[in-house]
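Reviewing the structure listed below.
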Amino acid sequence: MAASDERLTMVPKTVQVLAAAGEEPPSRYVRPEQDRQAGLVAADEMQEPIPLVDLSRLTDADELDKLRAALQTWGLFLVTNHGIEDSIMDAMMSASREFFRQPIEEKRKCSNRVEGKPFEREGYGNEKVVSQDQILDWHDRLHLTLEPEDERNFAKWPSHPESFREVLLEYASRTKEIRDVILRSIARILELDEDYFVNQISNKAPGLARFNYYPPCLRPDLVLGLKSHSDGGLLTILLVDEYVGGLQVQRDGKWYNVPTKPYTLVINLADCMEIMNNGIFRSPVHRVVTNAKKERLSLAVFYGVDEETVLEPAPGLLDDKRPSRYKKLKYKDFVVGLFQHLRQGTRFIETLKI
Ligand SMILES: O=C(O)CCC(=O)C(=O)O
Ligand SMILES: [Fe+2]
């Protein structure tokens, strides 16, 4: 088999195409038995709800306490009064819905696969497939670089709907502000210099938008929309479908449904922040379940640090009694390990614990 043919056999159809055929999911999407034992969809009853934090009130001690409690218990929380107008959130969701509703030939104009070239992370398509044994997730995605600004690759940005680019630029300018408000608040909670975490972000630090599209799936009992994982960067800002749930977060080995609430955002801490705060606040493990009847959309904006940044706990959090709990490494090396582990459904950060 020629090398290029070999590569093609590794490329699965988009999930949207599979779903449209109305057939049972192919075996490469079916989770292994040990994942399915506890049930893939059922969630536990929440004893205490995931907090809703008012971002405009984080200067108040009681709101900051709420954020602290959220970080301690879930590592994930909802935010309101975040500064993104309802109209921008609506426009962002409907532009992404419109993008995914286009015929496949239109979406392929932004494809993450260009014939004869290796897989690129940026663009439309499915996840990178490195082996026939890899268990795939039931979603398609559009990945776009937002930061650094001079690396935005507009060739991969949808030209339809026409509003897409403008809306995303507006949306992303706001999420960056939200990132900084949260990072400053976490620094205050930890009694660090308010700008400690923000100062870890150079103008080369990555910001990545990932639009996830989950078509209906005939077998939610066998297949996940997105396998269990934690995010790699500093933090993630999520805009989730207000009509269809599916995101679940793990706590003490149990899965809980993350509620959907119109015009709120979901924020989760990611692995680099866990390292930088020396494990005081953990990066939560989460996953997305599938829905037999309804499609679901989400937009995750991931913020990280410059690839040359050495990941290590803030010196202000360390002393003789509180040594570093993580091995030091550069962000660029972390990212290599992160993706290898993500594909296997394991967590690289676990291997860094001392
Ligand atoms: O679709 C969602 O709600 C979550 C997406 C997510 O966890 C991710 O893209 O890393
Ligand atoms: Fe995630």
Side-chain angles (χ1 to χ4, degrees), residues 15-16 40-41 43 50 74-79 89 92-93 96-97 99-100 112 121-128 136-146 168 171-172 175 179 206-217 220 223-251 255-274 282-291 294-304 334-335 338-339 341-349:
V15 176
Q16 198 166 9
L40 280 188
V41 183
I50 292 175
W74 299 102
L76 175 150
F77 50 97
L78 271 56
V79 291
M89 296 177 89
M92 191 71 266
M93 263 302 180
S96 41
R97 224 174 269 285
F99 170 75
F100 284 107
N112 57 9
R121 193 147 179 248
E122 182 139 33
Y124 166 75
N126 24 35
E127 65 194 291
K128 183 174 180 179
L136 305 181
D137 292 331
W138 195 256
H139 76 267
D140 300 326
R141 80 274 288 271
L142 171 68
H143 257 144
L144 301 172
T145 298
L146 299 171
L168 179 56
Y171 181 81
T175 52
R179 171 194 71 183
L208 191 86
R210 175 163 139 178
F211 297 82
N212 297 304
Y213 173 71
Y214 306 89
C217 175
V223 172
L224 281 175
L226 187 53
K227 63 175 84 54
S228 142
H229 68 285
S230 58
D231 297 342
L234 286 171
L235 54 80
T236 304
I237 301 178
L238 260 177
L239 173 58
V240 296
D241 204 307
E242 83 180 65
Y243 305 107
V244 186
L247 175 61
Q248 296 187 334
V249 61
Q250 197 176 48
R251 184 176 160 191
W255 290 103
Y256 298 91
N257 288 326
V258 177
T260 58
K261 191 168 162 45
Y263 304 116
T264 61
L265 294 165
V266 178
I267 313 271
N268 67 268
L269 227 59
D271 295 346
C272 293
M273 269 300 274
E274 175 173 329
R282 296 286 166 87
S283 152
V285 173
H286 53 285
R287 69 180 185 184
V288 178
V289 299
T290 56
N291 188 301
K294 294 177 183 159
E295 63 177 23
R296 176 176 183 272
L297 268 181
S298 70
L299 163 58
V301 177
F302 305 103
Y303 286 109
F334 174 80
V335 169
L338 178 79
F339 284 113
H341 278 262
L342 269 181
R343 279 192 285 273
Q344 292 162 11
T346 51
R347 295 181 72 207
F348 184 47
I349 193 168

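Read the numbers this way: they start at 1 and go in the same order the structure lists the ligands and their atoms. The shown structure was predicted, so the numbers you read here are calculated from the model rather than taken from an experiment. In what follows, every heavy atom counts, from backbone to side chain, and hydrogens, waters and symmetry copies are set aside.
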Identify each donor-acceptor pair in which a side-chain atom of residues 259-266 lies under 3.5 Å from a protein atom, sequence neighbours left out, and give them as a table.
unit_1, atom_1, unit_2, atom_2, d
Tyr263, OH, Asp90, OD1, 2.9
Tyr263, OH, Asp90, OD2, 2.8
Thr264, OG1, Lys261, O, 2.7

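- For the atom pair Leu338 CG and His229 NE2, the distance stands at 9.5 Å (nearest 0.5 Å).
- Checked by atom type and distance alone, the side chain of His286 pairs as donor or acceptor with a backbone atom of Pro284 at under 3.5 Å.
- With no hydrogens or angles considered, a side-chain donor-acceptor pair links Glu295 and Tyr213 at under 3.5 Å.
- Shown here are the protein N/O/S atoms lying under 2.8 Å from the Fe ion (ligand 2), water excluded: His229 NE2, Asp231 OD1, His286 NE2.
- Here the CH2 atom belonging to Trp138 is positioned 12.5 Å from the CG atom belonging to Leu224, to the nearest 0.5 angstrom.
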Between ligand 1 and the protein, find all N/O pairs closer than 3.5 Å and give the distance for each.
unit_1, atom_1, unit_2, atom_2, d
ligand 1, 1 (O), Tyr214, OH, 2.7
ligand 1, 1 (O), Arg296, NH1, 3.0
ligand 1, 1 (O), Ser298, OG, 2.6
ligand 1, 3 (O), Arg296, NH1, 3.3
ligand 1, 3 (O), Arg296, NH2, 2.8
ligand 1, 7 (O), His229, NE2, 3.2
ligand 1, 7 (O), His286, NE2, 3.0
ligand 1, 9 (O), Asn212, ND2, 3.2
ligand 1, 10 (O), His229, NE2, 3.1
ligand 1, 10 (O), Asp231, OD1, 3.3

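- With rounding to the nearest 0.5 Å, the separation of OG in Ser298 from CG in Leu226 is 8.0 Å.
- Ring to ring, Phe211 and Phe99 are not that close: their centroids are 6.0 angstrom or more apart.
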Evaluate the criterion salt bridge (Lys or Arg N to Asp or Glu O under 4.0 Å) for residue pair Asp241 and Lys294; output intermediate values, then yes/no. CA-CA 11 Å; Asp241 204 307; Lys294 294 177 183 159; over 6 Å; no
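- Not counting sequence neighbours, Tyr303 has no partner by the ring-ring contact (aromatic ring centres under 6.0 Å, His included) test.
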